Number of protein chains: 2
Amino acid sequence: MKKADADVMRSTNRKAVLSALRRLGPLARVDIGASTLLSPAAVSGITADLLSEGMLREVTAPTSAAPSSRGRPRILLDINPDAAAFIGLRLTSDRLDVFQGDARTILQGHTVFTVKTRQLSSNGIADFIEQSVRRFIDERSVDIRNLAGIGIAVQGIVDETVGCIRWSPILSCTPVDLGGALERRFGVPVMMDNDANTLGLAHSVEPQRSRNGCLVSIMIGYGVGMGIVIDGRVYRGNRGSAAEFGHMKISGSGALCRCGARGCIEASVGDYAIYRDAREILELSPSVTLPADGATMEEIAAEGRRGNAAICNLFRHAGSVLGLGVSNIVNLLAPEAVLITGAGTASFDLMKPGFDEALMPNILPSVRDITEITVMDWSLEIDGRGTIAMAVQHWIDERSAA
Amino acid sequence: MKKADADVMRSTNRKAVLSALRRLGPLARVDIGASTLLSPAAVSGITADLLSEGMLREVTAPTSAAPSSRGRPRILLDINPDAAAFIGLRLTSDRLDVFQGDARTILQGHTVFTVKTRQLSSNGIADFIEQSVRRFIDERSVDIRNLAGIGIAVQGIVDETVGCIRWSPILSCTPVDLGGALERRFGVPVMMDNDANTLGLAHSVEPQRSRNGCLVSIMIGYGVGMGIVIDGRVYRGNRGSAAEFGHMKISGSGALCRCGARGCIEASVGDYAIYRDAREILELSPSVTLPADGATMEEIAAEGRRGNAAICNLFRHAGSVLGLGVSNIVNLLAPEAVLITGAGTASFDLMKPGFDEALMPNILPSVRDITEITVMDWSLEIDGRGTIAMAVQHWIDERSAA
DNA sequence: CCTATTTTGTTCAATCAAAGAAAAAAACCA
DNA sequence: TGGTTTTTTTCTTTGATTGAACAAAATAGG
C-alpha cells in the first residue's frame, strides 16, 4: 500500500486533467471540472500551470458548433500538439513502419522501410532503425529537439521494463537490448512492447472504449498473439511473460508447434500453420520460403473460396481451434470485449463456420453475452496509434510528476 | 482517472498504516514510518487518530525479544482485536461452517452446522444461516454490538457487488439475494464471494505473500474452481463472471460436463467426475448419491493405491488434464504462484504422474520457472480466514474513509 | 442603447494533511 | 549525576484543494 502526499495529489490531478482532455477532445475548464470532479479553482490552477509549460493550448472556437448560449463564452483547451513529437515503430520480419505522432496521439505521417530482420545482427538492427528514423525525420522535417519519446512494437517476448527483446521470431540473435540502444542513440525515452500488447493498448485508448475493465485483443498473423489490458494498463504478469494465447493448448496432442509442444492454438491458426498444411494439399512449390507472405496466404484462401474442400476444412479446423481458445479466454477472464484482428483475419470468412461452432457452445451459459466478441480487419493505422500511445502515455506520466 | 484531494490522501495513508500493521504484526511507530515511507510526524498523527478511534492499541512489550538496546523504548502498536468482531461463513452442499474472527483476521472459533442446502428454499437458507449464526453468537457470547461484518464463501456464480448468488450447484433455487437478506437480518455489511476467490484472497493475505502481482488458486473439490488475485484484489471480470477454470476446455471432445459442454477440466478432474468413472470400474453400489462424500472418494483412491490399474489410469488422466489446464494458465497469466488445493488434492499422489507429464512440457520455455506451482493440502482454517479477511478488508476500507 | 441575467473563469483567504525541525521522553552507559 | 541514543511528540512551514466572492464577457429584453 503506497502512501500519498502533496506530490502524489498534484500529479494525480494533473494526470486527471490531461486524461480528460486526451479522451474527450478540446474541453472548456468547466467541462474538465465536471469530468474530473475537481473544483473550478483547482482546474484553473492546474490548467494555468500546464498552459505555461506549453503542454496545453487554447483553442479558438472551432466554428463553434455550440449553440452560442449566453454567458461568458467558454475557452476550449486542448493538449498542445506541438508540445512534443513522438516516433512510433513497428518491426516485423520484413519491414519497419515508422510513424510520426503528436502529443494528442494523432498520426502525422508514416513510412515503410523494407528489411529482412533475421539477417541483421544486434547492432545491425539498431543501426538500421536509427538510419531509417533519421531519414524519416529529415524528410518530414520533424523538429528533433521536440522529440519526446519513441514507442516500439515487436513480435516476441519483451521485457518492457528495460526495453529488451528476450526472444523474437523475427530476430536471429536474442536477447537484444534494443530499447537501451535506441535510447542512447536518440536521447529520449524508448518504450517497447510486444505487438499484441501494443494493439490492445491502441484499442483501449479508442474514445468509445471504457477505461475500466478488461479488454483482450488477439492478433492472428504469422503466429498468434494476445494483449490483455486491465483498467487501462497492459497486464504483463510476472516478468512480462503473460498473454501467450498462441501457446494455449486445446488438446494434449495435435500439430507440432514451433515452441516444441503439441496442441498449441498457434500451430493450427497461425499463418505458418495454415501454410504448412496447405502446401501438402495444394502441392505448392516448396521454394516459397517461410514465413509465408501475404500474397501466398491470400492465394491459399482464394483456393478455399473456389471450393477446394480440403482447404476449407483446414480453415474450418483453424476456426474451431480459435473458437475454443476464445471460449477459454471468456470463461477464464470474462473480459468486456475480445477483439480478434491481425493479417490472418483476411481469411476469417473461411474460419467462421468452425469458429461459430466452437465458440458459443463452449462458453458457460452464465458468461455468454457479457463479452463482446468482434472480428475486425487489421489496420496499420490503429497499430501505429498504439506505438505512439505508448510513448505519449509515458511522456504524460513523467510530465505529470514534474 | 480519479482526482485526489485531502480526503483521498488521508484515507490512503490511514490504509497504508493499517495495512502495514495487518501484514507485519505489532509495529512501533518508527517501523510503520519505515514501511510506509511516511514521516514520523505523519505516523504520529495518524496513529493517534486510530488509537482514539479504538482501531489500534498499544501492545506492552511481549516479553520483548528485542535486544533491549538503548534509547527510548519503542511502543508497539497493533490492530485492536476488540475493535470489531467478524463472522465468516462457508456454505457447501452439506454443511455450514461458521467462523469467528477479530480485526486482526485471526480466527477465534469455529462451529459446523450440518444442512442439506439443496432442500431449502431461498428464505429457508437465510433462515437457517441466521439461526445458526445466532446460536453460534450466543454460545460463544460474541458481543453482537461489536459485530462489524460478515463474509460468506459459496460455491457457484456470485455477484459480489450486491451479494447475490446467481447460480450455485448447492442450491435448488437461484438467484438468491442471500447477501441482502443477511444484511437486513444482522444490520452489518455482508461480503459474499465465490469459494475459490475467497481462498485466493486468503492465500494472498498470508504474510509471506507479496501484495503485488498475480496469484492464482485452484480448488479441486466436487467441481474445480479458481480464484485470481491481482495486486491484492480479486479479479472478477465483467459482471463477476471470471475465473471459470473448471470449464476451460482442453479438447473439443471428452467427457460430458454438467455445464453441458464437452472437454471441461472439471469433467475429468472434479470429484464427481472421478466418482462417475470409478463407479463403472469398481461397480460401486449405485445407491451412493452424488455428490460423493469424502469417505467414498478416499475409498476410490485407496483402491488405486492398492494397485488397481484402471483406477490409477483414471487419476493419471485427471492429473494430465489438470496439468494441461495449469500450463495454459501459466502461459496465459504468468502468475507469481499457482496454488492447487481443495479436498480433491487428497488423491493428488495418484494424479501426480499425469500432472508432471503434462505440466512442464506444455509451459513455454521462456515462462518456465517464473511461476511457483504448489500443491497444498486443503485446510479449513485458511478457508475460514479467507471469509474473515473479506469482511475485515471491507471494514478497513470503510473506516479509512471516515 | 443600456441594463439585467447568465455563464465562465480568476483571485484570495481558509483548510487540511504531510514534511521538517526542534524539543521532549525514556531508556542506557559511565 | 550527566551524557548518549533512540523514539515520540510538538510546532511551524509548505503545498495543494476548496469555497466564496469577484471579474469578465456574452445574450436577452425593454
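Naming: A, B, ... by sequence-line order, numbering from 1 per chain. Predicted model, so just to flag it, every value in this text is computed and none were measured.
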Can you find a side chain N or O atom of [X] that sits less than 4.0 Å from OP1 or OP2 on [N]?
X: B/N13; N: C/dA18; answer: yes
X: A/K3; N: C/dA19; answer: yes
X: A/R74; N: C/dT8; answer: yes
X: B/S39; N: C/dG20; answer: no

Side chain of [X] - closest among [options]:
X: A/R29; options: D/dA16, D/dT8, C/dG9; result: C/dG9
X: A/A41; options: C/dT11, D/dT17, D/dA16; result: C/dT11
X: A/I75; options: C/dA19, D/dT10, C/dG9; result: C/dG9
X: B/P73; options: C/dA19, C/dA27, C/dG9; result: C/dA27

Original post:
Do A/M191 and A/I150 come within less than 4.5 Å of each other through their side chains, counting heavy atoms only?
Top reply: no
Original post:
Does the side chain of A/I32 reach to within under 4.5 Å of the side chain of A/L21, using non-hydrogen atoms?
Top reply: yes
Subject >> Interatomic distance, A/I79 atom CD1 to A/R22 atom CZ [nearest 0.5 angstrom] >> reply: 6.5 Å
Original post:
Rounded to the nearest 0.5 Å, what separation is found between the CG atom of A/N194 and the CG atom of A/L201?
Top reply: 12.0 Å
**OP:** For A/I46, report the nucleic acid contact type (base, sugar-phosphate, nothing); a contact means any heavy atom under 4.0 Å.
**Re:** sugar-phosphate
Original post:
Mapping A/R72 and A/A6 onto DNA chain C by nearest heavy atom, which one lands closer to the 5' end?
Top reply: A/R72
